[in-house]
Amino acid sequence: MASNYVPAEIEKKWQQRWSAEGLYEAKDDDPRPRRYELTMFPYPSGDLHIGHWYAMAPSDVHARFKRMQGYNVLHPMGFDAFGLPAENAAIKHGVHPYIWTMRNIEQMRAQLRSMGSMYDWSREVVSCQPEYYRWTQWFFLKFYEAGLAYRAEAPVNWCPSCQTVLANEQVLANGECERCGTPVTRKELAQWFFRITKYADELLSYDGLDWSERLMTIQRNWIGRSVGAEIAFRLEREVAGVRELRVFTTRPDTIFGVTFVVIAPEHPLVAHLTTPERKAEVEQYIAWTRRQSEIERQSTEHEKTGVFIGSYVINQLNGARVPIWTSDYVLLSYGTGVVMGVPAHDTRDFEFAKRYGVDIKVVVAPPDWSGGELAEAYLGHGTMVNSGQFNGLPSQQGAEAICDFMEQKGLGKRTVTYRIRDWLVSRQRYWGAPIPMVYCDRCGIVPVPEKDLPVLLPPDAEFKPTGESPLKYCASFVNTTCPACGGPARRETDTMDTFMCSNWYFIRYTSPGYDKGPFDPEKVRMWMPVNLYTGGIEHAVLHLLYSRFFVKALRDIGLVKFSEPFIKMFNQGPIVQGKHKMSKSRGNVVAPDQYVAEVGADAVRAYLMFIGPWDQGGEWNDSGLVGMSRWLNRVWNMVTEGYQPSAVGTEEEKALRRMAHTSIKRVTQDLEAFRFNTMLARLMELTNYLGDVQEAGTVSVQAWDEAVERLLLLLAPSTPHLAEELWERTGHAFSIHNRQWPGWDEELTREDEITLVVQVNGKLRDRVTVSASITEAEAREVALGRERVRAHVGNKQVRRLVYVPGKLVNIVV
RNA sequence: GCCGAAGUGGCGGAACUGGUAGACGCGACAGUCUCAAAAACUGUUGAGGGGCAACUCUCGUGUCGGUUCGAGCCCGACCUUCGGCACCA
């Protein structure tokens, strides 16, 4: 007697059984080939929403599929547990961030289990726990030793709302804070940086990686490599011990067109180079640029302004005396902070020169140029003119010649500049890993000895944001002794950017309990690098770039042997609700719980995959969920109902086998390529087909059972509970998830008959069912003989006949 | 401004390397069951036209043009949407 499909019952039952049997625990000594499939760990905001499921369900399906294919799959989960929301919630509700975070983790763990994912919970990692952040701090010390961490006073991004500094990567293109949308301001602060720029070049190489072009482009743009030359302009007189101004240019071929030089207003040499009679005006200008917001200043519509500062430099290639100006269109942070002005061949310089009446000297002839004035800057290449000995050269060749010449004479050199800046890791907030450094009046900056790690967060700190770290006001934390001299000293009170925590969690999963180091080197050799990493593309220049840098740094320090953390990266699209990506802070989250209660986790998992291609994301809309539920019910009823053959036919059995084998093939290929939507469509088709066969009773019991078995195996990754339950009910032993993924026989997928399409002048006129082995001559004959074809051909002459084997005949008249 | 991705029924989306456009699902309509409704099941469903009918014709993948026996797919121009970078020298 068939019973009803009650997801709530079977899902709970199997989740408990899987957990009790440790079914999904990846054993280090398992002889099967190892495979590491990872999903970005979530921030424990409190509630798992549909967006989380969208990221996690398909990756779980893929991991399950690989597991059935015979891999020893490591598929872990953890929590990215440091960060601002915990602290903000703590301030709001008067609860300690640790309590708040751990409570959320408990809740989310239960919700994650309700999804029926194959996470290996024995390896869970929680980044805010001392046994974890101890090693985050340890890495900081290693970076410091290796010269990759340094403290510097620099103008930094400041979010007035979050009351902390931000990395460049955390400031949106419009100048707003990535977290809260508040316009970011500038602040001059002494902060800790990681030398990511040292790896700029290596980070541009993706050899051996299977990453999307889109993702690589985002990272390449961010790194922003420019090839050019650094050129020295001699100062007329030495100032502050400096004899020359160096500029960076990508167009050394235009050096003879320099009619002014521009220095960034914040440049330390401005004060020295300003002549007394220009002083008042220059200072007034600099004060004015300071008042400009970052957004105003960075805008391309921003008008070019500037002042002449009184001094001159000599262009050493032609001896020209060139005035020095200062203007806020030149950025101190890029290149050398000084730019050579070539108005004829640079849009910005042109605009500037027009406004201030500076000479415009053409040195690369535009096509059809008659020697007259330019209406706008000519940016292209051409023949060099007004360039002394280099006249007549094509400008690209001329650039090389000029570089050779400058290098010989010591006037400049070829060089490469990057847009990317060093990673600012200090944060003026409580809820993060304390930076393990001590300041001693006698010894200066002293690292905390490894044996004294972790530097624990004091539980009794007041975490109200004041613009400085709350730790600064916690006397018991700040006051310490100098590890070097034993005298009184103060601790660094800033904490680390949480992206430092997420730089290595994937390595920690390989040996989560290890306490002799951040990871067990042997286990890392076994599991790393990650074979498949999935997560949102919003981390392109954050987590994904930082982690690549981090791993390269570890390699150079000698801690790991690999250079890239993630071999294949797949970015799922965002799941949006009302135009915006679902997030708790935005308040537009949709909880899966109600849906799970109504139709079961299996239906929700499958529905999320069915919405569309995984990398496209989409608007959340539950209207189609019922269809998924209907389908699973049909599967349930069909399988539990039993099968009675009536008129068994060998043709029908053959057709059923063909359907099964083509389904296996397509489902397998779709899973390999993350095409979950079409995989499910195919499974539905197979179900529909089986339904018809069941009704007709045209195959033997064995053939039926075999087909059902295959359907269940194909369903196992997507709807693990339903597949497991039906597997048991059809008399199989626990567990379907330990069974081998079915293979297909290409021979059995072949059709005996095909539909031959007949076109006349490219228009579909008829379809004929013919033997798959039809010859061209036969196909022509069949096509020309069809009545409907003849009606369209009439008595026109057949000019040509195109035959595509197995597909169509096109008659051209 | 530069770079990249994408535009297909009422909706989400299929369509392998140029070869049957609209798979699969939602919704809608009709039917079965029911006192009725819900659920479930069955059928129809791109638009327009012709025919009593089996059927048949025309149009149709953002717009315009091109290549080809044949274009959703390739090429050119444009429109729209989304994303990245942007005074980066």
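To find a chain, count down the sequence lines: A is the first, B the second, and so on, and within it residues start at 1. Just so it is clear, the structure is predicted and the values come from calculations on it, not from any experiment.
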Problem set entry | Atom-pair distance (OH on A/Y803; C1' on B/G70), nearest Å | 17 Å
Seminar exercise, completed: Residue pairs passing the side chain to side chain donor-acceptor pair (under 3.5 Å) test with at least one member in residues 251-260 of chain A, sequence neighbours excluded, are A/R251-A/D253
Between protein and nucleotides 12-17 of chain B, what N or O pairs are separated by less than 3.5 Å?
residue : atom : partner : partner atom : Å
B/G12   : O2'  : A/I611  : O            : 2.5
B/G13   : O3'  : A/N677  : ND2          : 3.4
B/A14   : OP1  : A/N677  : ND2          : 3.0

For this session: Choose from B/C59, B/A89, B/G19 the nucleotide whose nearest atom is closest to any side-chain atom of A/V802.
Result: B/G19
For this session: Using the C1' atom on both, measure B/C16 against B/U20 and round to a whole Å.
Result: 15 Å
For this session: Could you tell me whether A/F352 and A/F260 have their ring centroids closer than 6.0 angstrom?
Result: yes
Exercise. Is any side-chain nitrogen or oxygen of A/R214 closer than 4.0 Å to OP1 or OP2 of B/G84?
Worked result: no
For this session: Give the nucleotide from the list B/G19, B/A89, B/C3 with an atom nearest to the side chain of A/L808.
Result: B/G19
Exercise. Within this structure, what is the CZ-to-C1' distance between A/R251 and B/C88, rounded to whole angstrom?
Worked result: 15 Å
Problem set entry | Whole-Å gap separating C1' (B/G83) and CG (A/L215) | 13 Å
Seminar exercise, completed: In whole angstroms, the gap separating P of B/C69 from CD1 of A/I811 amounts to 16 Å
Exercise. Tell me: CE of A/M628 to P of B/G27, nearest whole Å?
Worked result: 13 Å
For this session: Inspect the contact between A/E303 and A/R355 and indicate whether a charged nitrogen and a carboxylate oxygen are less than 4.0 angstrom apart.
Result: yes
Exercise. Less than 4.0 Å between a side-chain N and a carboxylate O, is that true for A/R634 and A/E641?
Worked result: no
Seminar exercise, completed: Rounded to whole Å, the CG-P distance (A/L632 to B/G25) equals 12 Å
For this session: Between B/A15 and B/A71, how far apart are the C1' atoms? Round to whole Å, please.
Result: 13 Å
For this session: Please measure how far the P atom in B/C73 lies from the corresponding atom in B/G60, and state the result in whole Å.
Result: 13 Å
Problem set entry | A/R682 bridged to A/D670 by N-O distance under 4.0 Å | no
Seminar exercise, completed: ring-ring contact (aromatic ring centres under 6.0 Å, His included) filter on A/F676, not counting sequence neighbours, yields A/W614
Exercise. Can you find a donor-acceptor pair, distance only, under 3.5 Å between A/N810 side chain and B/C69 base?
Worked result: yes
Exercise. Just how far, in rounded Å, is P of B/G84 from CD1 of A/I420?
Worked result: 17 Å
Exercise. Taking atom P in both B/A21 and B/U34, what distance in whole Å separates the two?
Worked result: 44 Å
Exercise. Quantified in whole Å, what is the P atom distance between nucleotide B/C33 and nucleotide B/U42?
Worked result: 16 Å
For this session: Indicate yes or no: does A/E351 engage A/R348 in a salt bridge with an N to O separation below 4.0 Å.
Result: no
